[in-house]
Structures are given as structure tokens and as C-alpha cells.
There are 2 protein chains.
Amino acid sequence: MHEKVTLKHIADDTGLSISTVSRALSQTGKISSENKKIVFESAHRLNYPLSTSQTPVELRSSINIALVTRHYTGEFYASLFEGFDQSTVGTKVTMNLTSVSHRSKPTLQIISDLRNSQYDAAVIFLPEFKAADYMELLEFAPSNLPIVSIAPIANPVMDTVTFDNYRGGYLVANHFEERGYKNLGIIQGPIKQSEAMLRKSGFLDYIHASDNLNLVWQFNGDYSFRKGKEAYEDFRQADKKPDAIFCSNDGMTLGFMHSAIRDGVHIPGDVAVAGFDDLPTCELYTPTITSVHTPYDMLGKKTIELIFNRLKQNTEVQHSGYTSLVPVSLSLRESSTELTNVFQNYYQRTT
Amino acid sequence: MHEKVTLKHIADDTGLSISTVSRALSQTGKISSENKKIVFESAHRLNYPLSTSQTPVELRSSINIALVTRHYTGEFYASLFEGFDQSTVGTKVTMNLTSVSHRSKPTLQIISDLRNSQYDAAVIFLPEFKAADYMELLEFAPSNLPIVSIAPIANPVMDTVTFDNYRGGYLVANHFEERGYKNLGIIQGPIKQSEAMLRKSGFLDYIHASDNLNLVWQFNGDYSFRKGKEAYEDFRQADKKPDAIFCSNDGMTLGFMHSAIRDGVHIPGDVAVAGFDDLPTCELYTPTITSVHTPYDMLGKKTIELIFNRLKQNTEVQHSGYTSLVPVSLSLRESSTELTNVFQNYYQRTT
DNA sequence: AATTTAGTGAAAAAATTTTGCACATTCACT
DNA sequence: AGTGAATGTGCAAAATTTTTTCACTAAATT
């Protein structure tokens with residue numbers, strides 16, 4: 001058991017007087033910013049008990065931000081967190097991943113999580129949340145805790161930083177047109193999720209504005225690998241087959257391709273495919289997969305920037321519905337471009 | 001700015017006297033465990049400044065454990081963290097991911113990270129660490145902080161929980177023998193890393209003990225996707241080609257297969273392949289990939305269990321070289337089993 | 001050169017926490 | 001049922017810790 005740490009210890013440690021240390025920590029009276037910094041540093045090092053948020057943001061040794069999300073499996077989730085983690089490199093920010101259970105009512109759990117712990121801010125990613133859910137969350141959340149959502153909704157009630165999903169769909173359609181595909185298809189995401197609808201709208205709006213393009217097939221998906229496989233079954237039996245398909249996320253892209261390839265379908269020979277998320281696997285799969293690239297590190301940086309601004313203001317947080325869109329791009333790969341000759345071997349070999 | 005929180009606030013909040021509250025928090029004198037619990041709960045809720053580790057483990061609202069690792073890319077890293085995260089569901093443990101930069105001297109950075117923050121324990125995953133590095137780490141680490149490594153080394157100096165890497169290699173060789181493969185090959189991991197050598201030894205020991213098997217090809221890898229591709233180039237030019245190859249991790253498995261498939265090689269028709277880690281992609285790739293399954297959630301659970309025991313003892317931590325091995329299994333998939341007829345279409349179609 | 005201002009430490013004052021003591025309650029054992 | 005020990009609590013005194021007052025210095029401003 002360690003002895004109790006008092007101002008005297010800090011005074012001895014820093015060579016300053018107790019009075020000065022007191023003034024520094026309670027931030028009253030005259031105190032040089034230089035010494036203030038020294039004192040806080042020493043206080044942290046010696047483990048002097050400071051209540052959360054007593055230390056001003058700029059003097060904190062670390063800022064804890066919770067990334068609250070349901071536990072999504074696999075790569076997408078990993079990329080998201082990795083992006084945030086990347087964006088904190090070299091800063092004093094620590095990202096903490098907090099999983100919200102799939103069972104219980106998420107709102108309450110989030111709140112209690114945030115209250116209990118010493119987080120300075122929260123980023124929430126819950127695409128199935130509606131405006132009402134956000135409202136409820138804000139109502140019970142500690143008022144001095146900045147919260148940012150990274151899932152878009154139609155009528156945002158809290159600050160949101162998200163990818164430009166609409167533009168993603170748009171870029172894919174544009175790419176398909178440039179490659180000369182005419183009859184297009186889409187495997188869409190969950191109807192209830194705003195970002196899935198944005199992806200679709202971007203895609204459809206481009207098609208409708210173009211004279212060359214038609215939408216000839218569509219399938220309602222749910223982002224799962226399994227639904228991608230089901231989509232292929234539907235595609236197989238379709239009367240009018242598309243030349244090129246936009247899958248609203250890479251999970252479904254992989255499912256579709258998995259079934260298609262086993263069924264003897266050549267991609268992109270028989271049908272071209274483009275996905276969304278640009279998971280690491282896209283580059284490793286055979287064929288490599290064209291996908292809308294979502295720069296998670298940029299999302300992370302933008303979000304953290306926003307949070308820092310909020311923290312510095314240090315006023316009661318005004319939650320506005322301000323939305324910031326992070327640009328996306330298209331990573332072109334084999335699945336939607338001409339059959340390159342690297343594949344010729346593979347196909348010819350079995351003759 | 002909130003008013004300073006004192007014992008009086010807690011007393012009012014709990015209905016107890018200031019004395020009782022004082023005794024509860026400082027844990028001196030007579031105090032009922034019931035009230036102690038109430039007081040600590042209230043203190044946390046009201047945000048009374050308590051120095052770290054002042055609250056006894058069993059009364060904490062949350063336990064923070066740092067998972068310290070370099071930033072490994074992609075799925076492996078994700079699976080690792082996901083396993084830990086999974087294993088904390090339903091407990092009051094929070095896992096925090098702390099990335100150690102690739103640049104600076106990691107030991108010092110780890111220490112300062114741990115000192116600064118309010119972690120209760122640390123799990124470190126730094127496969128390139130040697131006994132000397134661990135020693136240095138332990139020397140400077142706070143003495144009351146349990147640290148567990150999840151990377152095996154030859155002479156462990158701190159508690160270690162790790163997968164049974166040796167058995168993994170062994171299982172693969174056994175599987176190859178059962179499938180009737182005779183001439184085997186291996187793409188090994190970094191020579192300097194203990195777990196890579198264990199995987200290799202398990203594989204080779206089985207081969208040497210068997211009358212049917214021979215090692216005819218090997219390649220020194222480094223776990224990277226790129227090295228897997230290089231391994232294929234080497235394989236292509238080899239005089240004596242193996243029927244079946246054990247890749248020491250899935251990153252290299254993917255690299256090897258990526259190049260092989262583009263070069264017209266059929267897997268497992270021409271050569272069978274098995275990997276290590278059982279990344280989610282193994283199930284999604286075409287063909288699906290046989291791989292040694294490492295149950296990360298079990299690793300997480302075991303590790304956290306160990307940490308809890310250490311925390312409860314609450315004595316100065318005795319770092320022993322105790323190693324606990326988590327069992328692995330083999331996930332059989334297409335890449336090492338007979339060419340199933342789902343593939344016939346694909347290969348015949350181009351005739 | 002005089003005067004203001006920022007910043008500091010010593011010591012007094014205020015606030016907070018700990019402890020000694022009295023008292024109540026429970027429980028084990030006659 | 002009665003006794004004594006042990007446990008647990010609150011009040012108030014004591015001890016400790018923190019804040020504030022005040023005097024002083026050095027630098028900046030007029």
C-alpha cells in the first residue's frame with residue numbers, strides 16, 4: 001500500500017511551494033502556465049487523485065475516447081477500429097473499443113458505460129439507430145461529454161462524421177458506364193439503414209441521368225455474407241441478367257462471388273462486380289475486387305478533430321445536427337475490368 | 001465547473017456519517033462490507049477523486065486492461081483483439097488497445113504508457129521480444145501491475161498464455177499424411193520468433209517420426225503477404241515439388257495462393273495448402289483454406305482469468321515464467337482436401 | 001523613476017479527513 | 001435469558017490537507 005499523495009509531495013517533486021501547487025491544480029489565482037504544466041505533469045506521475053476532467057484538455061497526459069458499437073464481425077469492424085487507432089498515432093488520444101451487446105437495450109447500456117468510466121468523449125457507430133434513439137441517448141448522456149456519431153441518418157440530431165455514401169454509389173455507376181456496361185444490377189443493403197439507401201440512390205441517380213444505362217436486376221440484402229450467396233441464387237434464375245453488379249458492401253460481394261465462382265461463372269467475364277468498403281481482402285481475393293474505398297483513418301482524424309474542438313470549448317455541449325462528409329474513392333481491380341491475361345492461364349489450363 | 005466532491009457529499013448521498021465514509025474509502029478500522037460497497041459505488045458515481053487502485057478489485061465498476069502490441073495490419077490483429085473483446089462480454093473488464101509505434105524503443109514507451117494511464121493490468125503481444133527485452137520491461141514496470149505476455153519465448157521470464165503452436169504444426173503434418181500426401185513442403189515464419197519455430201518443429205517432428213513422409217521443399221518467410229508470393233516463385237522453379245505445403249501463417253498462405261492461382265496452378269489439384277491462424281478469409285476464399293484454428297476468445301478468457309487471480313492476490317506481483325498453452329485445432333477446408341465437384345464447373349467450363 | 005502587474009512562498013485560515021470514544025447491535029457461549 | 005466479546009456506527013476532537021491572505025520580488029509599463 002502506497003502512502004497517500006498530497007500537495008506536499010508534488011511541491012517537493014517540482015521544487016515549488018505548496019501554495020503554488022494548490023493554485024495550479026485548482027486553477028485559481030495567478031499562476032504561470034509553465035508551472036501549471038509542470039505541476040499537472042508531476043501530479044499525474046505521482047498519481048495524485050484528480051477527479052476526471054479536472055485537468056484541462058491541453059495538459060492531459062491522455063484523452064480517452066470510447067468507440068461504442070455493436071460487435072460486428074470480421075474485417076469491416078477491424079478496419080474501422082484500425083482507422084481510428086491509426087489516426088491517434090502520435091497524439092495523446094487513446095481509443096477504447098466498447099462493445100454494446102446485441103441483446104439488451106443499447107441506449108441505456110451506453111449511458112451507463114460512459115458514466116462509469118472516465119471517458120472524455122464518445123464516438124458511436126450504430127447504423128440501425130433512428131433519430132428517436134439518438135434523442136433518447138442525448139437526453140440521458142452527461143451534458144459535458146461530446147458525442148459524435150459516425151453513421152448517417154436522414155435527420156441528424158447529433159454531430160455526425162461519415163463517409164460520402166451517396167458519392168460511392170455514384171462512382172460505381174460512373175465506372176460501369178465507362179467500362180461500357182449497360183445493364184446494371186444492385187444488391188442493396190438493409191432498407192432501414194440510411195447509409196445503405198444513400199449508396200443505392202447515388203447508384204440509381206447516375207443510371208437515370210445516363211442514356212446508356214439501365215437497371216435490370218435488384219436484390220434486397222442485409223450486408224451479410226450469406227445474403228450475398230442468396231443473391232447469386234436469385235441472379236442465376238433471373239430472366240434479364242445484368243452485365244455488372246454493385247454490391248452495397250463487401251461482405252455481400254464476397255458471398256456473391258463465392259457462389260458464382262463455384263457455379264462456373266467468370267468474373268468479370270460473365271458479370272462484373274464492384275463492392276463497397278474496400279476491405280483488405282479485396283486486394284487478396286481471386287479475382288481482386290473493385291470496391292469503394294472508405295478511408296477510415298481520415299474518418300478517425302476528422303472525428304477526433306471535431307471532438308478536440310468540443311473539448312477545448314469546455315462549455316456545455318451544444319449538440320447540433322452538423323454532418324461532415326468524408327470523401328470516398330473507387331479502387332479499381334480485376335472484378336470489374338477486362339479479363340486481364342494473368343487469368344488466361346487459369347481458364348485455358350483445364351482444356 | 002462542478003463543485004468539489006467531498007466525503008460530506010457521499011455521506012449525504014448514502015445516508016451514512018462522514019466517519020463511516022472515511023473508514024470505507026481508506027479501508028481502516030471496522031466497516032461492514034455492505035456499506036463499503038455502497039460507499040465506493042456512490043463515490044464513483046459522484047466522481048469523488050480516488051487514486052488509481054485505491055478501490056479494491058472486487059468493488060471496481062470497471063477493470064482496464066491494456067493490450068499492448070505493435071500495429072500489425074489486417075485480419076490477424078483484428079481477430080486477436082476481437083477475441084479479447086469477446087471474452088470480456090458480460091464482465092466488468094474493458095480491454096484497451098494500445099499500439100506501440102514501430103519506430104521508437106518499445107520498452108520505454110510501454111512503460112510510460114502504463115504509468116500514465118490508469119490501467120489495472122497489461123497484456124503484451126510482441127513476438128519479436130527476447131528474454132532480455134522482457135527483463136528490461138519488468139525491471140521498470142510498476143511492481144503492482146500484473147503483466148502477461150501472449151507470445152511464447154524459449155525461456156519465459158514472465159507469465160505467458162499462448163497457443164499450442166507446436167501442436168498446430170503437428171496437426172497439419174498428420175492431416176497431410178492422412179490425405180495421402182507424401183512429399184511435403186513448408187513456408188516458415190521469421191527464424192527469430194519462437195512461435196514460428198514451434199510451428200515448424202511440430203510439423204517436422206511428425207514428418208521425421210513417420211515412414212511415409214518426406215520434407216522436399218522449404219522457404220524462409222516473414223509472415224507477410226508479399227513473402228508468400230515470393231515463396232510461390234521459389235516453388236515454381238523447384239526441382240522437386242511438394243504435394244502439400246504448410247504455410248506458417250495465413251498472410252503467407254494468401255500470398256502463395258494468389259500467385260499460384262494466377263499462374264494456373266490448381267489448389268488442391270496440383271498442390272495442397274494449409275495455413276495457420278484461421279482468419280475469417282479462410283472460409284471465404286476460393287478455394288476455402290485449411291488452417292490451424294487458434295481460438296482467440298479462449299486465449300482472451302484464459303489471460304483475463306490469470307490477471308484476475310493476480311489482481312485479487314494484491315501482493316507485489318511475482319513474475320514467474322509460468323506458461324499456459326491454449327489448444328488449437330485444424331479447420332479442414334478445400335485447399336487440402338480432394339477437389340470437390342463444386343469446382344468441376346469452374347475448371348471444365350473453359351474447355 | 002514611479003507604478004503597475006504577474007508570480008511566488010510563508011503562514012494563517014478554512015476545509016477536509018482521520019481518529020478516539022461512546023454507544024448500539026449482534027452473536028457465541030454459558 | 002444473561003454475559004461478554006466483537007462488530008459497526010456517529011459525534012466531536014484531532015490531525016491533516018488545501019486554500020487564501022499577505023508580503024515580497026522581478027519584470028513590464030507608464
Side-chain angles (χ1 to χ4, degrees), chain A residues 1-62 115-116 118 120 142 144 312 314, chain B residues 1-61 115-116 118 120 142 144 312 314-315:
Chain A
M1 285 295 122
H2 296 265
E3 194 192 349
K4 199 178 161 192
V5 184
T6 69
L7 296 188
K8 188 160 189 333
H9 293 100
I10 301 173
D12 290 349
D13 181 60
T14 57
L16 296 163
S17 70
I18 295 178
S19 341
T20 307
V21 173
S22 169
R23 276 187 282 257
L25 293 181
S26 57
Q27 306 198 62
T28 55
K30 319 244 170 108
I31 179 79
S32 68
S33 56
E34 194 184 336
N35 281 339
K36 191 152 87 177
K37 196 167 165 185
I38 294 171
V39 168
F40 271 108
E41 188 280 322
S42 172
H44 275 121
R45 189 158 34 75
L46 300 179
N47 202 14
Y48 180 84
L50 287 165
S51 72
T52 318
S53 78
Q54 190 167 136
T55 319
V57 181
E58 53 277 13
L59 299 179
R60 301 267 185 92
S61 63
S62 78
R115 279 205 180 283
N116 279 335
Q118 58 290 60
D120 302 296
N144 59 339
K312 268 182 202 142
N314 199 23
Chain B
M1 284 292 122
H2 298 265
E3 191 193 352
K4 199 178 160 192
V5 182
T6 68
L7 296 189
K8 186 156 191 334
H9 293 102
I10 301 174
D12 290 349
D13 181 60
T14 58
L16 296 162
S17 71
I18 295 178
S19 340
T20 306
V21 173
S22 169
R23 277 186 280 257
L25 292 180
S26 57
Q27 306 199 60
T28 55
K30 318 254 171 96
I31 179 79
S32 70
S33 56
E34 194 185 336
N35 280 340
K36 192 152 85 177
K37 197 166 163 185
I38 293 171
V39 168
F40 271 107
E41 189 281 320
S42 172
H44 274 122
R45 188 158 35 76
L46 301 179
N47 204 14
Y48 180 84
L50 287 166
S51 71
T52 317
S53 76
Q54 191 168 134
T55 319
V57 181
E58 52 278 13
L59 299 180
R60 300 269 185 90
S61 62
R115 278 205 181 284
N116 280 334
Q118 57 289 60
D120 302 296
N144 60 340
K312 270 184 201 140
N314 198 24
T315 51

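All heavy atoms count here, side chains included; hydrogens, waters and symmetry mates do not. Naming convention: chains lettered A, B, ... in sequence-line order (proteins, then strands); numbering from 1 in each chain.
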Check: Would you say the side chain of S19(B) and the base of dC11(D) hold a donor-acceptor pair, judged only by whether the two atoms sit under 3.5 Å apart?
Finding: yes

Next item on the list: Would you tell me if any nitrogen or oxygen in the side chain of S17(B) comes within less than 4.0 Å of OP1 or OP2 on dC11(D)?
Entry: no

Check: What are the two closest non-hydrogen atoms of D13(A) and R45(A), and how far apart are they?
Finding: OD2-NH2, 3.0 Å

Next item on the list: Pick base, sugar-phosphate or nothing for I18(A), based on heavy-atom distances below 4.0 Å to the nucleic acid.
Entry: base

Next item on the list: Have a look at L25(A) and say if it touches a base, only the backbone sugar-phosphate, or nothing, with a 4.0 Å heavy-atom cut-off.
Entry: nothing

Notebook entry, point to check: Whole-Å distance between dG8(D) P and E34(B) CD?
Noted result: 10 Å

Please tabulate, for the side chains in residues 14-21 of chain B, all donor-acceptor contacts under 3.5 angstrom to protein atoms that are two or more places apart in sequence or on a different chain.
residue: T14(B); atom: OG1; partner: I10(B); partner atom: O; Å: 2.8
residue: T14(B); atom: OG1; partner: A11(B); partner atom: O; Å: 3.4
residue: T14(B); atom: OG1; partner: L16(B); partner atom: N; Å: 3.3
residue: S17(B); atom: OG; partner: T20(B); partner atom: N; Å: 3.2
residue: S17(B); atom: OG; partner: T20(B); partner atom: OG1; Å: 2.9

Check: What is the distance, rounded to the nearest whole Å, between atom NZ of K8(A) and atom C1' of dA11(C)?
Finding: 15 Å

Note to self: Please report the distance, rounded to the nearest Å, between CG in L16(A) and C1' in dT18(D).
What the structure shows: 16 Å

Next item on the list: Figure out the CD1/P separation between I38(A) and dG7(C), and round it to whole Å.
Entry: 13 Å

Check: Choosing from dT19(C), dT18(C), dG9(C), which nucleotide comes nearest the side chain of L7(B)?
Finding: dT18(C)

Notebook entry, point to check: Over how many whole Å does the gap from I10(B) atom CD1 to dT18(C) atom C1' extend?
Noted result: 14 Å

Next item on the list: Determine the minimum heavy-atom distance between P49(B) and V5(B), stating which atoms define it.
Entry: CD-O, 4.2 Å

Next item on the list: Check every strand shown and say whether S32(B) touches a base, only sugar-phosphate, or nothing at a heavy-atom separation below 4.0 Å.
Entry: sugar-phosphate

Next item on the list: Give the minimum heavy-atom separation between L25(B) and Y48(B), together with the two atoms involved.
Entry: CD1-CE2, 3.8 Å

Note to self: Here's a test of your reading of the structure: between R23(B) and V21(A), which maps to the more 5' nucleotide of DNA chain D?
What the structure shows: R23(B)

Item checked: Candidate nucleotides dG10(D), dT17(D), dT17(C), ranked by approach to the side chain of T6(B) - the nearest -> dT17(C)

Notebook entry, point to check: Does S26(B) reach the main-chain N or O of S22(B) with its side chain, forming a donor-acceptor pair under 3.5 Å?
Noted result: yes

Next item on the list: To the nearest Å, give me how far apart NE2 (H9(B)) and P (dT17(C)) are.
Entry: 10 Å

Notebook entry, point to check: Rounding to a whole Å, what distance do you find between K30(B):NZ and dT26(C):C1'?
Noted result: 13 Å

Item checked: Spacing of Y48(B) atom OH relative to dT16(C) atom P, expressed in whole Å -> 10 Å

Next item on the list: May I ask you to evaluate whether T28(A) reaches the phosphate of dT20(D), defined as a side-chain N or O under 4.0 Å from OP1 or OP2?
Entry: yes

